[in-house]
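Accompanying notes for the structure given below.
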Amino acid sequence: MTHPPASPAPAGPATAVPSPARPGAYVIGVDSGGSGLRVALGRVGLPGPLSTTVCAEPVRTGPGGIDAGHLLDQLLPAARELLERAAGSSAAAPTGEVAALAIGAAGMATLGERLRAELPGALADALGVRRLALAADAVTAYAGAVGQRPGAVVAGGTGMIALGTDLTEWHRADGWGHLLGDSGGGAWIGRAGLDAAMRAHDGRRGGSPALLDRLRAVFGPAEELPGLLYPRSDRPAVLASFAPEVAACAGADPVAAGILRAAAGHIAEAAAAVCPTASRPAAAGPDNDGGELGEGGEVALTGGLFRMGDPLLVPLREELAHLLPGARVTSAEGDPLTGALRIARALAAGDLRLPRHPTMLFVPLEHGTGQRVGTAVRDEPRTG
């Protein structure tokens with residue numbers, strides 16, 4: 001069923017957009033996820049980071065969403081440390097040194113209301129930041145993998161999400177969690193492998209003795225697995241930990257190979273649902289060589305899921321060739337931290353071409369004065 005596009009956020013009062021930053025000005029990219037907070041410092045007009053740092057504690061999430069205060073408590077000291085290191089001084093970095101800052105955060109789209117409300121003013125006061133972008137982690141994954149070209153990215157790890165854009169609007173498929181989706185992701189593969197192992201344990205059709213042997217080696221007696229798994233709050237990660245065992249068995253075990261082929265089919269379907277397939281020019285820029293997007297589009301693969309290698313990649317490329325004939329399948333150019341830094345650099349240069357959106361890619365005009373451009377994000381497959 002086709003749903004109407006999401007309504008853009010109402011624009012705030014008109015405010016002059018800051019002119020592009022001078023070449024060499026500092027920019028900061030931030031990646032906030034389940035394993036902690038990563039921060040990178042770069043410069044306008046120069047590729048790559050000058051330096052990076054890691055805050056090992058994940059940002060808290062509470063009843064009000066992602067905790068803006070907790071994020072700031074980690075980000076500000078880390079940013080000042082990077083600025084001091086770059087300046088070669090222990091003195092505090094002066095206000096106004098940071099031309100732009102971009103934050104990509106897991107849960108930003110659904111749990112980022114406090115971040116969008118509180119961060120613009122707080123970062124302006126603390127670091128003099130006048131150009132800020134707050135993005136869902138899928139958007140920074142896209143920017144890291146593809147840059148500012150039209151195309152699609154599949155981010156696979158414990159879960160799986162596909163995100164695509166024609167530079168006019170975003171299209172999303174899956175990423176709904178291990179109970180409702182994430183089909184083909186690590187938890188999905190691991191659960192399917194454990195199901196096949198338990199079938200072999202019971203003597204049911206579809207069982208895999210090879211996977212049963214791996215279950216016993218990893219978890220112990222099969223009949224004890226429910227007691228180990230069900231009480232865990234990190235069940236998706238535990239399920240995903242078995243996915244490499246499925247890949248290791250796939251060469252000799254047809255059941256394991258069938259699981260990976262089914263996963264490849266789900267991943268390819270998500271990519272096909274979001275990939276813009278119409279041929280169109282891609283504008284050149286610091287992170288983009290320009291050129292023409294082929295009729296099948298570009299699909300970039302990013303995330304730890306694809307480190308499984310050929311047992312997953314070979315059937316995935318076959319499925320993509322079937323669903324997206326002519327698609328150019330690539331490995332990600334960079335990770336979500338690279339993407340956040342790219343967004344900050346483009347924002348500082350006045351050249352951010354990725355679609356703004358009130359929750360996916362929020363860009364205030366000035367200190368929280370509103371969204372500059374509102375665009376839609378579609379959760380349904382493209383229909384032409």
Side-chain angles (χ1 to χ4, degrees), residues 33-36 58 106 137 141 145 153-162 174-179 181-201 206-271 299-320 329-332 335-336:
S35 59
D137 57 342
V153 64
V154 177
T158 297
M160 197 286 298
I161 185 172
D174 214 334
W176 305 122
H178 76 292
L179 293 179
D182 285 354
S183 300
W188 187 96
I189 292 171
R191 187 206 172 279
L194 291 171
D195 175 80
M198 298 305 291
R199 287 174 176 274
H201 175 268
S208 166
L211 290 173
L212 178 58
D213 287 344
R214 296 313 306 153
L215 182 159
R216 289 167 173 157
V218 174
F219 295 109
E223 58 272 16
E224 295 180 8
L225 181 60
L228 294 174
L229 182 62
Y230 291 139
R232 297 284 291 264
S233 60
D234 59 345
R235 281 189 300 276
V238 177
L239 292 171
S241 71
F242 196 69
E245 305 295 337
V246 178
C249 292
D253 178 32
V255 174
I259 290 170
L260 293 184
R261 178 162 290 279
H266 287 304
I267 295 168
E269 287 169 355
V299 179
L301 307 178
T302 186
L305 181 70
F306 302 109
R307 288 198 288 268
M308 287 185 186
D310 285 351
L312 178 62
L313 292 177
V314 168
L316 176 55
R317 291 179 184 277
E318 292 173 355
E319 293 288 340
L320 286 169
V329 182
T330 64
S331 297
D335 65 5

Distance-minimising heavy-atom pair for Ala247 and Pro311
O-CG, 3.9 Å
Give a yes or no on whether the backbone of Ala256 and the side-chain of Asp253 come within a donor-acceptor separation of less than 3.5 Å.
yes
Val154 and Met160, any side-chain heavy atoms less than 4.5 Å apart
yes
Check: Asp174 and Asp182 side chains under 4.5 Å, non-hydrogen atoms
yes
Considering all heavy atoms, the nearest His178-Pro236 contact:
ND1-CG, 3.3 Å
Compare all side-chain heavy atoms of Phe219 with those of Leu229 and state whether any distance is below 4.5 angstrom.
no
At what distance, to the nearest 0.5 angstrom, does NE2 of His266 lie from CG of Leu316?
12.5 Å
Heavy-atom closest contact (Ala243 atom, Gly186 atom, distance)
CB-O, 3.6 Å
Spacing of Leu228 atom CG and Arg235 atom CZ [to the nearest 0.5 Å]:
13.0 Å
Minimum heavy-atom separation for Pro226 and Ala222, please, with both atom names.
CD-O, 3.8 Å
How long is the gap from CG on Asp195 to OG on Ser208, to the nearest 0.5 Å?
11.0 Å
N/O donor-acceptor pairs under 3.5 Å from side chains in residues 209-216, not counting sequence neighbours:
unit_1: Arg214; atom_1: NE; unit_2: Glu245; atom_2: OE1; d: 2.8
unit_1: Arg214; atom_1: NH2; unit_2: Glu245; atom_2: OE1; d: 3.2

Rounded to the nearest 0.5 Å, how far does CZ of Phe306 lie from CG of Leu301?
4.5 Å
Roughly how far, to the nearest 0.5 Å, is CG of Leu320 from CG of Leu313?
10.0 Å
Minimum heavy-atom separation for Val255 to Ala196, with atom names?
CG1-CB, 3.7 Å
Write down the atom of Ala162, the atom of Ala271, and the distance for their closest heavy-atom approach.
CB-N, 4.1 Å
Indicate yes or no: at least one non-hydrogen side-chain atom of Trp188 is less than 4.5 angstrom from one of Ile259.
yes
Mind checking whether Ile189 and Leu239 have side chains closer than 4.5 Å, heavy atoms only?
no
Find out whether Glu318 and Arg261 are in side-chain contact, i.e. whether some heavy atom of one side chain is under 4.5 Å from a heavy atom of the other.
yes
